[in-house]
Amino acid sequence: MYLQRRNRILRKNAAIRSMVAETILTPADFIAPLFIDEGTDVKTEIVSMPGYFRNSLDITVKEVKALYSMGIKSVLLFVKAKDETKDNTGKEAWNPDGLMQRSIKAIKDAVPEMVVMTDVALDPYSIYGHDGIVKDGEIVNDETVEALVRMSLSHAQAGCDFVAPSDMMDGRIAAIREVLEQNNFTKVGIMSYSAKYASCFYGPFRDALDSAPGFGDKKTYQMDYANRTEAIKETLMDVEEGADIVMVKPAMAYLDIIREIKNAVDLPVSAYHVSGEYAMIKAAAKMGWLNEEKAIVESLTSIKRAGADLIATYFAKDAVQLIS
Ligand code: PBG
């Protein structure tokens with residue numbers, strides 16, 4: 001048999017494979033999401049996210065130091081608001097002494113080099129568990145945007161590096177950019193959840209923050225997973241409105257979208273490997289049905305290969321250990 005080209009030559013051994021590997025994960029690829037709780041010395045494992053914890057701020061600060069020393073450059077903060085602070089205005093979200101604001105300050109004080117990103121959406125503060133203000137059973141857009149603007153400004157005042165609006169209201173990126181400009185926060189970035197789908201894969205996250213919607217679902221604001229063109233429309237609008245980084249969420253069931261967006265924009269693209277994606281790997285590994293370590297590295301590599309410049313993942317720490 002004579003073959004002009006034998007593709008297996010480039011797969012012959014580990015050395016050659018590593019020389020021609022097209023996608024290499026590095027610690028700077030990862031954004032580590034952190035769940036923060038009130039109190040001190042509180043560490044609660046999330047039932048549907050085994051091995052992942054909601055920590056009080058003292059423990060969180062130690063964790064951030066550990067993450068930074070491993071080479072992870074960025075954290076994405078989520079807080080669990082106390083029940084008594086929840087209402088239908090979201091006002092706890094811009095309380096200057098709120099848990100989020102205290103967390104931003106404490107983390108930036110302890111590890112100034114860590115890039116601190118903050119979730120912007122009303123769901124942890126909403127009695128309805130929705131990302132916006134509810135009127136007559138509807139999540140109203142424009143009033144919600146006003147709340148998100150106040151929330152973003154208060155995160156900037158507390159010292160965050162990026163606000164990360166995850167709410168999917170229309171027009172919020174332009175409004176947030178404007179308030180940052182007006183208040184001279186010219187170095188605060190916006191990482192927009194531009195193409196965020198209404199996904200069942202957020203289930204475990206809602207356990208972590210006790211933020212499941214009390215009625216209905218999020219399909220009137222988050223995107224229909226049947227759609228691809230719409231993801232481009234949403235993302236291009238956010239670029240136009242002033243986003244610095246755009247995001248696709250979830251990640252693994254949306255690799256085609258990540259690639260489409262990567263080809264369509266000239267900004268860094270991030271992808272959120274969400275709680276349900278974490279839970280699936282953990283559950284299968286626990287059953288002995290998947291090799292957890294291999295599943296983590298293969299999953300994250302595929303997300304980067306699809307076009308993600310940054311990956312928010314609960315496996316950030318594991319991944320750094322596995323690739324080093
Ligand atoms: C809320 C928010 C969600 C996630 C990030 N921000 C949940 C939702 O939209 O219901 C999901 C993250 C994950 O599942 O890991 N605005």
Side-chain angles (χ1 to χ4, degrees), residues 30-36 46-54 74-81 86 90 92-93 100 117-134 139 141 144-145 147-148 151-152 155 162-169 172-173 176 190-225 234 245-254 270-283 296 299-300 303 308 310-316:
F30 304 123
I31 300 169
L34 300 176
F35 300 129
I36 309 172
I46 293 137
V47 177
S48 49
M49 298 178 73
Y52 217 79
F53 297 84
R54 200 174 59 233
S74 171
V75 290
L76 177 56
L77 309 186
F78 297 92
V79 298
K80 182 173 186 295
K86 298 188 184 193
E92 178 64 14
M100 177 62 95
M117 302 182 160
T118 57
D119 188 63
V120 170
L122 296 186
D123 50 318
Y125 306 99
S126 161
I127 31 166
Y128 298 110
H130 273 290
D131 290 18
I133 294 164
V134 176
I139 292 76
N141 194 84
T144 300
V145 170
L148 299 171
M151 185 176 186
S152 299
H155 292 183
F162 283 81
V163 290
S166 68
D167 54 284
M168 290 300 281
M169 299 300 127
R172 88 277 206 222
I173 301 302
I176 292 169
I190 305 174
M191 179 170 77
S192 174
Y193 289 61
S194 307
K196 177 171 178 180
Y197 287 88
S199 170
C200 75
F201 293 109
Y202 308 148
F205 173 96
R206 294 172 186 170
D207 291 343
L209 295 188
D210 188 19
S211 61
F215 70 89
D217 52 39
K218 298 193 175 184
K219 289 181 182 171
T220 63
Y221 44 107
Q222 299 179 348
M223 286 177 46
D224 183 348
Y225 52 72
E234 280 282 2
I245 302 173
V246 293
M247 186 195 275
V248 176
K249 179 182 177 185
M252 280 196 77
Y254 298 84
S270 60
Y272 201 139
H273 187 235
V274 300
S275 57
E277 304 181 82
Y278 174 92
M280 284 196 292
I281 290 177
K282 283 288 181 183
I296 292 170
S299 300
L300 298 176
I303 295 166
L310 293 166
I311 306 171
T313 175
Y314 304 98
F315 286 123

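For ligands, and for the atoms within them, numbers begin at 1 and follow the listed sequence. Source: prediction; values computed, not measured.
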(Q) Given Tyr52, Tyr221, Phe205, identify the one with the heavy atom nearest to atom 3 (C) of ligand 1. (A) Phe205

Q. Atom 10 (O) of ligand 1: which of Arg206, Met49, Glu277 has the nearest heavy atom?
A.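 It is Arg206 whose heavy atom sits nearest to atom 10 (O) of ligand 1.
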
Hey, what's the ring geometry for [X] with [Y], parallel, tilted or perpendicular (30° and 60° as the breaks)?
{"X": "His273", "Y": "Phe315", "value": "tilted"}
{"X": "Tyr272", "Y": "Tyr193", "value": "tilted"}
{"X": "Phe78", "Y": "Phe35", "value": "tilted"}

Protein heavy-atom partner closest to [atom] - residue, atom, separation in Å:
{"atom": "atom 2 (C) of ligand 1", "answer": "Lys196 NZ, 3.3 Å"}
{"atom": "atom 4 (C) of ligand 1", "answer": "Lys249 NZ, 2.6 Å"}
{"atom": "atom 16 (N) of ligand 1", "answer": "Ser166 OG, 2.8 Å"}
{"atom": "atom 14 (O) of ligand 1", "answer": "Ser275 OG, 2.7 Å"}
{"atom": "atom 1 (C) of ligand 1", "answer": "Asp123 OD2, 2.9 Å"}

Determine the minimum heavy-atom distance between [X] and [Y], stating which atoms define it.
{"X": "Ile139", "Y": "Gly132", "value": "CG2-CA, 3.8 Å"}
{"X": "Lys218", "Y": "Pro213", "value": "CE-CG, 4.3 Å"}
{"X": "Tyr278", "Y": "Gly51", "value": "OH-C, 3.5 Å"}
{"X": "Ser199", "Y": "Gln222", "value": "N-OE1, 4.2 Å"}

Q: Drop me the distance from Asp123's CG to Asp131's CG, to the nearest 0.5 angstrom.
A: 4.0 Å

Q: May I ask you to decide whether Asp167 forms a salt bridge with Arg172, counting only side-chain N to carboxylate O separations under 4.0 Å?
A: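 Arg172 and Asp167: salt-bridged.
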
Considering only heavy atoms, does [X] approach ligand 1 within less than 4.0 Å through its side chain, its backbone, both, or neither?
{"X": "Tyr272", "answer": "side chain"}
{"X": "Asp119", "answer": "side chain"}
{"X": "Val274", "answer": "both"}

Q: Check if Gln222 has a non-hydrogen atom at a distance under 4.0 Å from any atom of ligand 1.
A: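 It does, in that a heavy atom of Gln222 comes within the 4.0 Å cut-off of ligand 1.
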
Q. Does Tyr278 come within less than 4.0 angstrom of ligand 1, counting non-hydrogen atoms of the residue?
A. no

Closer than 4.0 Å to some heavy atom of [X] - which atoms of ligand 1 meet that?
{"X": "Lys218", "value": "8 (C), 9 (O), 10 (O)"}
{"X": "Ala121", "value": "16 (N)"}
{"X": "Phe78", "value": "5 (C), 6 (N)"}

Q. What do you reckon, does Tyr314 have a nitrogen or oxygen under 3.5 Å from a nitrogen or oxygen of ligand 1?
A.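 In this structure, Tyr314 places an N or O atom under 3.5 Å from an N or O of ligand 1.
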
Q: Check whether any N or O atom of Asp167, backbone or side chain, sits under 3.5 Å from an N or O atom of ligand 1, and answer yes or no.
A: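 In this structure, Asp167 places no N or O atom under 3.5 Å from an N or O of ligand 1.
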
Q) Quick one: does NZ or CZ of Lys196 land under 6.0 Å from the six-membered ring centre of Tyr202, within 45 degrees of the ring axis? A) yes

Q) Tyr225 and Tyr197: aromatic ring centres closer than 6.0 Å? A) no

